[in-house]
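The structure appears right after this line, and notes come after that.
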Amino acid sequence: MSAGYIDELHEAFHSDLAYRSEDIPLECSPKPKEMEQTLHGVMKLNGLIIRSLEEIAGRGANAVTYRAGKKFGHEVAKYFQKREDVEGALHELSDLLRGQYSFEVWKPEDKETFIIEENGETFIYLVFHDCIVRQTLRRNGLEQGGPLCQTLFGYVVGAIEEITGRKAKLEIVHTGPNACLKKLILK
Amino acid sequence: MEIHVDKDACVGCGLCVKDCPMHVYELQNNVSVAVRPNNCMGCLSCHEICPAQALEHRGVYPARRHYIDIKVCEMLRKVI
């Protein structure tokens, strides 16, 4: 390795910035546009991890990822205001997921209310629009609805349970390239 | 939501009818017709499976797309 190359490296990683220990960065560095390659790298890595997990653990992969997501949901939502009404909880949840996922409460035209009671179960339809999981799966050519989706399921269920104190379950009704329809079942 | 089916392009395969969970489409005289457009939640899976690319949706929220490979796009831009 030539001395010139080492000097060049040292030069690249040197700055005249004074950085004090109490300094808190106020914005991401570098700019998001420059992070595109990193984002793609992370998506590829996540896709490979999920694919390998599925190959080794089979159907057990879903249980692992669901559990991981649920723990994460409980962990994040415990700092949020506790509420008993589901509508308020969903509002809290959309704040919680902002930037990663966006969803809306949805109903078919023949239903009068968003909270639907059918065949002895109470549920709400949620349409997920922006979803980092969907992006990752499509980036890697993986099928939607598998273990990585279970992470999001767990996350939503964990957060709803933490906010409302009620047990919940999420089911996939339909997946698409632009949005996915999910059913939040309340117990 | 406005859904337009190009009647000349539609081959009447019925894939959109089978795929849509909200029964937005029906086959009428071997052509797909959007009979319940208000039930559409904009997933666009019908677009993905339509072999004739005969569908057009208006008023759909376009989800963020992070999965487009930047390098592939750069190469395509050079070619197109």
Side-chain angles (χ1 to χ4, degrees), chain A residues 32-44 46-47 97-112 114 116 124-145 148-149 171-183, chain B residues 1-6 10 13-28 32-78:
Chain A
K33 177 77 188 161
E34 292 164 39
M35 294 294 284
E36 261 184 304
Q37 294 288 8
T38 313
L39 175 68
H40 277 252
V42 173
M43 289 204 294
K44 273 186 200 168
N46 272 338
L97 300 177
R98 184 157 296 148
Q100 301 165 57
Y101 311 96
S102 69
F103 70 88
E104 66 172 325
V105 178
W106 186 84
K107 69 174 182 64
E109 61 179 348
D110 61 328
K111 302 288 178 203
E112 286 185 0
F114 287 104
I116 301 165
I124 301 170
Y125 281 124
L126 301 177
V127 174
F128 278 78
H129 295 288
D130 300 313
C131 175
I132 188 70
V133 167
R134 191 187 316 124
Q135 308 302 316
T136 302
L137 293 171
R138 296 183 79 81
R139 178 68 182 80
N140 289 282
L142 293 169
E143 208 177 310
Q144 288 172 247
L148 202 54
C149 285
E171 262 180 29
I172 301 178
V173 180
H174 190 71
T175 59
N178 196 54
C180 298
L181 181 64
K182 280 151 194 183
K183 202 170 158 183
Chain B
M1 182 84 70
E2 264 181 60
I3 304 172
H4 174 72
V5 182
D6 185 337
C10 178
C13 65
L15 282 175
C16 54
V17 180
K18 281 182 200 155
D19 184 61
C20 181
M22 289 299 148
H23 313 293
V24 168
Y25 302 98
E26 262 177 24
L27 272 187
Q28 292 175 3
S32 178
V33 178
V35 286
R36 293 177 201 89
N38 290 337
N39 267 0
C40 176
M41 32 114 184
C43 72
L44 300 187
S45 60
C46 51
H47 276 232
E48 204 161 54
I49 57 165
C50 178
Q53 298 184 349
L55 303 168
E56 187 184 291
H57 282 62
R58 284 190 188 177
V60 174
Y61 169 83
R64 292 182 197 176
R65 289 189 295 176
H66 305 306
Y67 59 86
I68 309 299
D69 196 304
I70 311 161
K71 282 182 185 163
V72 172
C73 286
E74 278 169 8
M75 284 174 72
L76 283 173
R77 267 190 221 108
K78 284 177 193 165

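Below, chains carry the letters A, B, ... as their sequence lines are ordered, and counting in each starts from 1. Quick note: numbers below take in every heavy atom, side chains included, and nothing from hydrogens, waters or symmetry partners.
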- Message: Heavy-atom pairs under 4.5 Å with chain B - which of A/E109, A/M43, A/R134 has more of them than the others?
- Response: A/E109
- Query: Where does A/T136 contact chain B at under 4.5 Å (heavy atoms): side chain, backbone, both or neither?
  - Reply: neither
- Item | Interchain contact, A/I132 with chain B, by part (heavy-atom threshold 4.5 Å) | side chain
- Which heavy atom in A/V173 sits nearest to a heavy atom in B/P21, and how many Å separate them? CG1-CB, 4.4 Å
- Message: Is B/C40 in contact with chain A via its backbone, its side chain, both, or neither, using a 4.5 Å heavy-atom distance?
- Response: backbone
- Item | Nearest heavy-atom neighbours spanning B/A63 and A/D130 | CA-OD1, 3.3 Å
- Between A/C131, A/A179, A/S102, which shows the greatest number of heavy-atom pairs under 4.5 Å with chain B? A/A179
- Item | Heavy-atom pair count under 4.5 Å with chain A, highest-scoring of B/R36, B/E48, B/H47 | B/E48
- Message: So for A/H129, is it side chain, backbone, both, or neither that comes closer than 4.5 Å to the heavy atoms of chain B?
- Response: both
- Query: Taking all non-hydrogen atoms of both residues, which atom of A/Q135 and which atom of B/R64 are closest, and how far apart?
  - Reply: NE2-O, 2.7 Å
- Message: Between A/Q37 and chain B, with a heavy-atom cut-off of 4.5 Å, which part of the residue counts as in contact: side chain, backbone, both or neither?
- Response: both
- Item | Proximity breakdown for B/M22 and chain A, heavy-atom pairs closer than 4.5 Å | side chain
- Message: Please give me the minimum heavy-atom distance between B/Y61 and A/N178, naming the atom from each residue.
- Response: O-ND2, 2.9 Å
- Note on the structure: Tightest non-hydrogen contact, residues B/C43 and A/P177, listed as O-CD, 3.1 Å
- Query: Are more than 12 heavy atoms from other residues, nucleotides or ligands located less than 6.0 Å from atom CD of A/E143?
  - Reply: no
- Note on the structure: Bottom line for A/Y125: the part with an atom under 4.5 Å from chain B's heavy atoms is side chain
